[in-house]
Each structure stands twice: as structure tokens, then as C-alpha cells.
2 protein chains.
Amino acid sequence: MARKRITPGKIRLAEVAKLAGVSPITASRFFRNPEALSAGKRARVESAAKELGYVPNLAARALASQRTEVIGVLIPSLTNNVFSDVLRGIYDALDGSRYSIQLANTRYSILQEERLLRLFLAQKPAGLIVTGINQTPDSRAIMETVDCPIVQIMEVGPSPIDMMIGFSHFDAAKAAIGHLLAQGYRRIGFLGARMDPRVQRRLDGYRAAMTDAALFDPQLIVTTAIPTSVTLGGTLFADLLAKAPDIDAVFCVNDDLALGALFECKRRHMAVPGQMAIVGFNDLEFMASSEPTLSSVRTNRYEMGRNAATMVIETLEGHRPAEAVVDLGFSVMERQSSARRG
Amino acid sequence: MARKRITPGKIRLAEVAKLAGVSPITASRFFRNPEALSAGKRARVESAAKELGYVPNLAARALASQRTEVIGVLIPSLTNNVFSDVLRGIYDALDGSRYSIQLANTRYSILQEERLLRLFLAQKPAGLIVTGINQTPDSRAIMETVDCPIVQIMEVGPSPIDMMIGFSHFDAAKAAIGHLLAQGYRRIGFLGARMDPRVQRRLDGYRAAMTDAALFDPQLIVTTAIPTSVTLGGTLFADLLAKAPDIDAVFCVNDDLALGALFECKRRHMAVPGQMAIVGFNDLEFMASSEPTLSSVRTNRYEMGRNAATMVIETLEGHRPAEAVVDLGFSVMERQSSARRG
DNA sequence: CAATCGCTTGGTAGCGCTGTCAATATCGGT
DNA sequence: ACCGATATTGACAGCGCTACCAAGCGATTG
């Protein structure tokens, strides 16, 4: 009745142990905590493993140890190149480590996020990286009871679930507007697409700066729920000009919109700067090499991803970072498109 | 001595089975092949699972069944937005299915690719998606013996390992040059960055087209191993102008370079078109909304990813696609930047 | 009416590894 | 030389699920 589902060519830990002349459990320890072995056995297991080409079976490990070496990452979009920078940072930080990534796309829905969260947690991830600070109350509750490092990325705010890394979108937008005001611009428009919570806070920053300067006018704001694109930047800019033909500057919530606005200015033979100042957000690579060069708010997306992953790993290795909340800041890159007015 | 490592709150298959009044194995079948159950038991298991909030333990499943529901994806770069489109297609195709993605970055190294391949295969993936057709002989040999669907993406060529989806980079570049020739351009430069195998084949296509027209001149070619960027496009274009000041057109191996070349033309007050024609490659979104609009070769990256993932899934479900090799083609998008000369 | 067939269902064992605890080896101090 | 403390090592059972085989059962067939 015993069917002995022996797998033919596969090398198991037991084989390695036998070749090395140790018990399986000692061989097991070699792969998880080599320091715990005496130098002699360590060398024997190592060479045995190499000789047999042994690769641990992660499923068995996960089942026996009741945890995985997978870090779950929840991001709202794969299209947005902001997230591809963050992801690159995460993957780079994990490269060569024992950990791997499980990526899921929430499509900007916090309900979807909650669903994915439950799915992830059922598999006992080693850690979790989630986007933003706007989770559903249930999501928050779940995450607060889970026993694994969690990093919220993209922005900072009060009461982190566990750890947090990002910057203040409110302050960043406010600083961008401050720059335009300092350069002498007064009728500053706002272009926004896909108004996710972070873009919303950039709008708040814009509103605060304009209100402080007694220049706020709702007519200057054009937003849409449509996902961003360069083409959309041109369209929204045209809409803005129709609503407020007297604008002298425009702040775009991302660089694609800014580029689209620039092209629209060119089509209308509107001088940038001169007749129109443009400031973008994110400081994608092309902003520095366009003609004219485009001002933008630089954010440290790659570093954000990299640090977030490092924070998770360090915590797992027992060296929890001293600071649970890291503000990476931003810098306003002042370029030709927002040169001093007049 | 029995330590009974009972996990407190966790719901296992056995609990679901008990509540549903069936054996664990019947409950198990419900999750893998519901059709095999009678309608009554199916409903009972379903409601029991829902009531308990049961989520299968994938590690246990993988261990017991000796396979996973993970599709390995090997791509050369996370930076390149070409791959982010492909990835988006892959993720979209798998969304809602039982399968998940394990992503790894080969960093344009086929040795790294081989290493990652071995790593992946040790975990028995359900399927594999690999980039390109230039694998090491060992990689090829390994993949040919593995018993899971494999799709090579990005280009088509002879002798697929298993399945293949892409297009001919040679033909696409040749068609782009054909377009410029047809528009009356003669001194057509070539700008290339990060000369990976596919970019190399675009160069081959350029060379073939120019040679056929008896217009080939090595002075017209500028390439570099540096990763691409808009800034680099400007630099390379300047280099090209220095080498061959009499060029009347330039073909760029990707759209970032083309945009950089356009900005460089603007800086030099060189009319596009008029004094200089520009054609890019990939047809990123911004090409259609720049000023002037930029001609490019449209490739179906999202569809490529989506179809590749679908091909894997369909094969796994027993409906292997009729065609193992799918050529998605391309189209030359003729826009202002390559308007007829003169 | 016995033999056969297909559909469902269940029992048993084991996938490959690690947690827990116990046993043994090693070592310094008195 | 003896004792306790520390470093290494090992035995055992079990993580939660599914492969395998067998059996139950009603329907069909000649």
C-alpha cells in the first residue's frame, strides 16, 4: 500500500547530509546559520552540497518553518514610471539576499489592496511593503496584528503601521509653488491627473501656497481622474488656458503632464519661459535635457525602494533601524522653464 | 515527546472538510477541480470555506504536489520602459488566475540568466517566460529538458525552445529606413545605445536597407554600450553631427534617443522636419504628442506580455496554442518628424 | 440478473524540511 | 581532577496538503 513516491534524480538534504557524514538536521543548519556549525562540519557540508548541486526545496522549508522568505509588495500601478523606479530599488536591495519579491497591483483601489493583503498574509510573508498611508481601517487592523516588518512607502505621515519611508507631497508642492512665486509668477495654474491621495496632497500644498500669497483662484485648477500621459498634459493645459487665459505659469503634478504642456506651448508658439513658466514633479531624466530644460521637484524614488527593502531585511536580521520613519525629502530643481519672470 | 506544534487560529483544509461534512481529500479537490465534485458537496465545501475564511496553504500544496503555481519571468532590465509594458501585460493576463509571477532581472547578462534559470527550475515553476533568443547553450539545454511551458518573448527566430512571441527587429528597422528612403532622405544616420542582441539586429536591418540602396556609410553609425536615456540621445546626436555633418535624417533605436535628438535639434535651431528627419523605435505614448510629432516603429509590447502569459496558462490548462511561434509584427507610424523631404 | 462501466468519494502515506528538546562534546575555573 | 557552563550535534515528529489506489454506487448492457 505504501506507494513510495520517490522522486528519481532529485537531491535532498538527506543525501547531502549522508555524503557529508552528518545528520540531516546539521546539514539543514548549514544553510540557515552556518556559524552554528564547527568549522570541520561546515566545510564538509559545503563541499557535499556543491558536489551534489543541492538546492533547498523552498516549499518544504516554508511548510516546516511556518514562514517564507518572500517580501510582499503592494503598489497601485505598474504603468506609472514612478513605481518602476521604486521597484528597481527594491529588487536591487534584495538581489543576492535570500529574500524574494511577491508583487501585486492594487490598481489604485484600497479595497483591492485589502483583498491582496489577506491573500499575502495567508502565505506568511517575511515582510511587507505597501504604498501610501491611506489603507482601509480593516487593512490597518490586519497589518497591525501581523508579526512581520511592514514599510509604508511613498509618503510620510503620522502613526505608521510599523515603518515608513517617503516625503511630504504637501511640502513638495508648496515648495514648487514657492519657487514660482519667488520667480515673480502670480497666476499659477495647477494640472492634475489621476487624483490619488498623494496627488491630492500636492493639490493641498498648491492651495496652501496660493492662499498664503492671497493668489488662490479655483479657476486656476484643472484636474481629471484619467491616468496621466504626455498627451493628456497637452489637453489639460489647453483646458486650463481656456478657463484662465491670463495664467503666467503652470504647476503639473508630474513630469509627463509638464512635457505635454511644453509641447502644447510650442504648438501655440508660446515662449517657455517668457510667456509661460512650467514646473513638473518627480524630475524624470528627460526634464534636464529637454529644450528648454524643465524645472521639477526631485524625489528619491529609487532610494525609497532600496531603503524600504533594506529596512525590512535589517529588521528580519534583528537590526531594526533606529528610525521607524524616514523622510527622504525632495528638492526643487530650478531650470530654464521657470526662469525669473520678465 | 510529541510537541504538537498546533497553530492556534489557523484554518486548515481539515476544518473546512469537517464543517462541510466531507473528507479532507474531497475538500481539497474542490479547490483544484470543482467539477469533479457532485453539486451538493461542492456547495457545502464552498460555503464552509467561505464561512471559515479558508485560504489554502501554498507551501503545503507545493510540497505535496511537487509543483508550484508560479510562472518565472526573466527580463534583462527593470529600468527600460519597454519591459514595464511587457510586464504589465503579463501581470494583467495572470490577474485573477491561480498563477503568480516570480520576476528576476538578468541585467543583460546571459550568464546571470543561466544562473537564475537554475535557481528557478529548482523550485519547479509552472511555466517560464524568458527574454530573447540568445541564451547560453547550457541554458537552452536545461530548458529543453524541463517539463513546463516556456515562452521566449521580444523577438521571433528559428528553433524556439518551446513557444515564442515577438517580432523581427531586423525587418522593423529595415522598414523604418525604407520609410525614410521613400520620403526622399539619403544620408540617414543611426543612433544606438546599450547594444543588446535586439538592438544589434535593428542595426543589421539598418545596414541591409542602406546597403540595398547603395547608401551605406559606416560614418553614419554612432553606438554606445551605455544604457539609453533622453540626455544620451542628445549627446549621441551631437556626436553623429560631428562625424557626418551632412546627414539629413536619423534613425534612433528607441524613442528616448529620438526625443533627445529632437531637443538637440531645437537647441541648434535645426528644423525638424526640414533640416533633419527623426524616426524612433517603440512608439511610446509621447511620440504622438510631441511638437513636432515623432515618427516611430510601433511594437505591441503589452500584447506581447499578455499573450505570452496566456500561452503559458492555456498550455497548463491543456489547450496548447495552435501556433507555437507568434509574430506580432510592427507598424511604422509616419508622423511630422519624417515628412517628405523638401 | 450478473458483469461492466463511469463517476464520486475516501484512506493512507508521504512530500522535504525544520522546531523542539535532549544528549553529547568541549572547555575553563577551582 | 571534578563541576558546571557553553558549544555542537542529533532524534523525533509533524508542518498542511495531495498522489495514489481502492471502494462504493447507481446505471447500463447483453
Side-chain angles (χ1 to χ4, degrees), chain A residues 1-45 48-49 52-69 98 122-124 126, chain B residues 1-45 48-49 52-69 98 122-124 126:
Chain A
M1 220 133 293
R3 279 153 307 262
K4 294 287 164 213
R5 276 181 279 156
I6 35 86
T7 327
K10 202 165 34 177
I11 292 104
R12 292 188 302 289
L13 188 58
E15 272 87 299
V16 176
K18 195 155 86 180
L19 181 61
V22 301
S23 72
I25 193 66
T26 300
S28 168
R29 269 192 276 263
F30 168 77
F31 293 100
R32 294 174 291 146
N33 181 18
E35 272 72 53
L37 301 205
S38 62
K41 303 223 167 178
R42 191 184 317 151
R44 296 230 302 283
V45 176
L52 296 172
Y54 171 73
V55 181
N57 180 321
L58 298 184
R61 174 178 291 177
L63 182 60
S65 68
Q66 297 279 62
R67 59 197 155 67
T68 63
E69 290 171 346
R98 64 206 300 182
Q123 308 310 327
K124 305 199 176 277
Chain B
M1 219 131 294
R3 277 153 308 263
K4 294 288 163 212
R5 275 182 279 154
I6 36 87
T7 327
K10 202 164 33 177
I11 293 105
R12 292 189 302 290
L13 189 57
E15 271 87 299
V16 176
K18 195 155 87 181
L19 181 62
V22 301
S23 73
I25 193 66
T26 300
S28 168
R29 269 191 276 262
F30 168 78
F31 293 100
R32 293 174 291 144
N33 182 19
E35 274 71 53
L37 301 206
S38 61
K41 304 222 166 180
R42 192 184 318 151
R44 296 229 302 283
V45 176
L52 296 172
Y54 171 74
V55 181
N57 180 320
L58 298 184
R61 174 179 290 178
L63 182 59
S65 68
Q66 298 279 63
R67 57 197 154 67
T68 63
E69 290 172 347
R98 64 206 299 183
Q123 308 308 328
K124 304 197 178 281

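Labels below follow one simple rule: chain letters A, B, ... track the order of the sequence lines, proteins then strands, and each chain is numbered from 1.
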Item to complete: With heavy atoms under 4.0 Å as the rule, sort B/A36 into base, sugar-phosphate or nothing.
Response: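 Here B/A36 touches the backbone only, sparing every base.
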Practice prompt. Not counting sequence neighbours, which residues clear side chain to side chain donor-acceptor pair (under 3.5 Å) with B/T68? List them please.
Written response: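 Not a single residue meets the side chain to side chain donor-acceptor pair (under 3.5 Å) criterion with B/T68.
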Worksheet item: Residues two or more places apart in sequence or in another chain: which of them pass side chain to side chain donor-acceptor pair (under 3.5 Å) with A/E69?
Response: A/R98
Discussion item. Determine whether B/N57 and B/R12 satisfy the following criterion, side-chain contact (heavy atoms from CB on, under 4.5 Å), listing intermediate values before the conclusion.
Written reply: CA-CA 8 Å; B/N57 180 320; B/R12 292 189 302 290; over 6 Å; no
Worksheet entry | Nearest-0.5 Å distance that lies between atom CD1 in B/I25 and atom CZ in B/F30 |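 B/I25 atom CD1 to B/F30 atom CZ measures 14.5 Å (nearest 0.5 Å).
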Discussion item. Angle between the end axes of the helix from C/dC1-D/dG30 to C/dT30-D/dA1, five pairs per end, to the nearest 10 degrees?
Written reply: 30°
Measure the distance from [atom1] on [X] to [atom2] on [N] and round it to the nearest whole Å.
| X | N | atom1 | atom2 | value |
| --- | --- | --- | --- | --- |
| B/L13 | C/dG11 | CG | P | 14 Å |
| A/K124 | C/dC17 | NZ | P | 21 Å |
| A/R12 | C/dG16 | CZ | P | 5 Å |
| B/E35 | C/dG6 | CD | C1' | 17 Å |
| B/Q123 | C/dC15 | CD | P | 17 Å |
| A/N57 | C/dG14 | CG | P | 18 Å |
| B/L63 | C/dA13 | CG | P | 18 Å |
| B/R61 | C/dG14 | CZ | C1' | 18 Å |

Worksheet item: With no hydrogens and no angle check, is any side-chain donor or acceptor of B/Q123 less than 3.5 Å from a backbone partner on A/L58?
Response: yes
Worksheet item: Judged by atom type as modelled, is there a donor-acceptor pair below 3.5 Å linking the side chain of A/T26 to the main-chain atoms of A/V22?
Response: no
Worksheet, complete the sentence: Looking only at C/dG19, D/dC15, D/dA19, the nucleotide nearest the A/Q66 side chain is D/dC15
Worksheet entry | Of the listed nucleotides D/dG14, C/dG11, D/dG16, the one nearest the side chain of B/I25 | C/dG11
So, is [X] close to the [N] phosphate, meaning a side-chain N or O under 4.0 Å from OP1 or OP2?
| X | N | result |
| --- | --- | --- |
| A/S38 | D/dT9 | yes |
| B/T26 | C/dT8 | no |
| B/Y54 | D/dG16 | no |
| B/R67 | D/dT18 | no |

Worksheet item: Taking C-beta and beyond as the side chain, do A/L37 and A/P34 meet within less than 4.5 Å on heavy atoms?
Response: no
Fill in: Interface residues of residues 15-24 of chain A with DNA chain C (non-hydrogen, below 4.0 angstrom)
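Correct list: empty, so none.
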Item to complete: Hey, could you give me each pair passing side chain to side chain donor-acceptor pair (under 3.5 Å) that has a residue in residues 31-45 of chain A? Not counting sequence neighbours.
Response: A/S28-A/R32
Fill in: Closest-nucleotide 5' rank along DNA chain C - winner of B/R29 and A/S28
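Its nearest nucleotide being more 5', the pick is B/R29.
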Worksheet item: Closest nucleotide of DNA chain C for A/A14 versus for B/L37: which of these residues is on the 5' side?
Response: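 Going by which nucleotide is closer to the 5' end, it is B/L37.
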Practice prompt. Only counting residues at least two apart or in another chain, list the ones meeting salt bridge (Lys or Arg N to Asp or Glu O under 4.0 Å) with B/R67.
Written response: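 Salt bridge (Lys or Arg N to Asp or Glu O under 4.0 Å) check on B/R67 returns nothing, list empty.
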Worksheet item: Nearest heavy-atom pair of A/I11 and A/Y54: which atoms, and what distance?
Response: O-CD1, 3.5 Å
